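Notes to accompany the following structure.
Scope of the values below: all heavy atoms of this structure, side chains included, with no hydrogens, waters or symmetry mates. Just so you know, these numbers come straight off a predicted model, no measurement behind them.
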Amino acid sequence: MTQTHVLLVRLAGPLQSWGVASRFALRDTHPRPTKSGVVGLCAAALGLDRDEPLGELAAVLFGVRADRPGTPLRDYHTVGGGRYPIRPRDLVTDHRRASAVETAAETLTPTPAPTDPGKGTPAGTVAGKGTNTPAGTGTDTGPVAQSAGPFGHSALDAWYGAPKRIAADPVSGALVSSEVRRHAMITERWYLADAAFLVGLQHPDPAFLEQVAHALEHPKRLLWLGRKSCPPSGELALGVVPGTLEEVFRTKPLLPSEGVGEAPATGDRPWAWTESPHPLTGAAPVSDQPVRFDASGPVHGLRWETRHRVTIDPHATEWDIIP
């Protein structure tokens with residue numbers, strides 16, 4: 001039987017988020033890291049492009065031990081609220097907004113402009129017409145803006161956000177937004193707070209695992225724990241050891257806490273999930289087997305995993321890592 005080895009990876013930080021079925025309005029998180037997320041983390045560390053084959057990365061057997069499962073944290077998030085500056089592209093791509101601006105321009109009274117010294121004519125006005133225009137433009141200024149200011153700093157009351165899903169109107173042919181929102185959009189983003197997981201990647205080639213371990217500590221791209229707002233803390237790669245996922249999880253102690261003077265509870269029996277190469281009795285299907293990470297969206301396959309409690313060896317050697 002071929003000797004197997006396991007690369008141990010520590011995933012810990014203030015926040016983690018491992019989405020499974022996230023959409024714009026609701027960004028969920030799995031209660032533990034997914035294989036797709038961890039393989040993507042390793043691919044980023046190795047500097048692989050999205051269209052590159054994952055190769056041996058996708059072939060590793062994946063396991064995760066929840067040393068500190070963390071606390072679910074909900075982020076109440078709003079998008080598009082408040083006054084939004086009027087930009088030229090917003091007027092071009094949404095004729096309804098442009099009409100509102102024109103109406104506002106007709107109803108507001110122009111503000112008097114300062115007199116240009118020595119000429120007797122207000123600065124920026126066209127002599128004989130009495131309209132308040134910025135110098136060199138010949139266009140109306142104050143009416144559009146509820147507050148006069150530099151170009152791009154004007155705002156229109158009761159209009160929020162920028163036009164979305166812009167397309168040509170089927171009747172008039174004018175560019176128009178199919179989604180006009182005048183109020184903030186409320187979204188939910190879920191995280192795991194103060195969680196720590198011990199991940200194992202099992203593979204028969206220790207040299208390949210050493211290469212991945214080196215990349216995790218010297219990444220070619222930025223790394224995060226599921227989302228860009230969740231950077232990892234401390235060391236990631238904890239070494240390559242011989243054995244299977246089940247054996248290694250039993251012989252390694254719980255990860256140390258990031259708090260000063262806080263030691264993990266040695267009597268805990270954490271939950272662990274280990275991948276099975278075949279659909280055995282008691283194994284559950286999981287749809288997070290990475291096939292490729294296309295720019296248009298990742299493609300996943302099916303794998304099998306078992307869930308069990310881990311009894312840690314009381315003589316396990318303590319970690320010598322930076323938490």
Determine all donor-acceptor pairs shorter than 3.5 Å in which one atom belongs to a side chain in residues 202-213; sequence neighbours excluded.
residue : atom : partner : partner atom : Å
Gln202  : OE1  : Leu245  : N            : 3.0
His203  : ND1  : Asp205  : N            : 2.9
His203  : NE2  : Glu56   : OE1          : 2.6
Asp205  : OD1  : Ala207  : N            : 3.1

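Residues Thr29 and Tyr191 are not in side-chain contact: their nearest non-hydrogen atoms beyond the backbone lie 4.5 Å or more apart. Between Pro256 and Ile321 there is a side-chain heavy-atom pair separated by less than 4.5 Å. Using a 4.5 Å cut-off on side-chain heavy atoms (C-beta onward), Arg250 and Thr311 make no contact. Using a 4.5 Å heavy-atom threshold, the side chains of Val6 and Phe249 count as separate. A heavy-atom distance below 4.5 Å is not found between the side chains of Leu54 and Arg292. Side-chain contact check for Trp319 versus Leu198: some heavy-atom pair is nearer than 4.5 Å. The closest side-chain heavy-atom distance from Trp271 to Arg309 is below 4.5 Å. Contact annotation: the side chain of Pro270 approaches that of Ile312 to within less than 4.5 Å [non-hydrogen atoms, C-beta and beyond].
Taken to the nearest 0.5 Å, the CG atom of Leu225 stands 10.0 Å off from the CZ atom of Phe197. One finds the CZ atom of Arg68 at 12.5 Å from the CG atom of Leu192 (value rounded to the nearest 0.5 Å). Within the model, atoms CZ of Arg65 and NZ of Lys252 stand 10.0 Å from one another, a figure rounded to the nearest 0.5 Å. Between the CG atom of Leu216 and the CG atom of Leu201 there is a distance of 8.0 Å, given to the nearest 0.5 Å. Expressed to the nearest 0.5 Å, how far CG of Leu46 lies from CG of Leu41 amounts to 10.0 Å. From Ser229, atom OG reaches atom CG of Asp75 across 8.5 Å, with rounding to the nearest 0.5 Å.
For the pair Asp288 (side chain) and Thr34 (backbone), a donor-acceptor distance under 3.5 Å is absent.
Residues satisfying the side-chain contact (heavy atoms from CB on, under 4.5 Å) criterion with Asp51, sequence neighbours excluded, are Asp49. In this structure Lys35 satisfies the side chain to side chain donor-acceptor pair (under 3.5 Å) test together with Glu275, Gln289, sequence neighbours excluded. Not counting sequence neighbours, the partners of Pro277 by the side-chain contact (heavy atoms from CB on, under 4.5 Å) test are Leu61. Scored by the salt bridge (Lys or Arg N to Asp or Glu O under 4.0 Å) test, Glu305 finds Arg32, Arg303 as partners (sequence neighbours excluded).
Following chains of ILVMFWY side-chain contacts shorter than 4.5 Å, one can reach Leu48 starting from Val9, so the two form part of one hydrophobic cluster.
Other residues sharing a hydrophobic cluster with Leu222 under the 4.5 Å side-chain heavy-atom criterion for ILVMFWY residues are Trp224.
Counted within 6.0 Å of NE2 on His214, heavy atoms from surrounding residues, nucleotides or ligands total 12 or fewer; the atom is thus considered open. Within a 6.0 Å radius of CG in Asp294, other residues, nucleotides and ligands contribute more than 12 heavy atoms.
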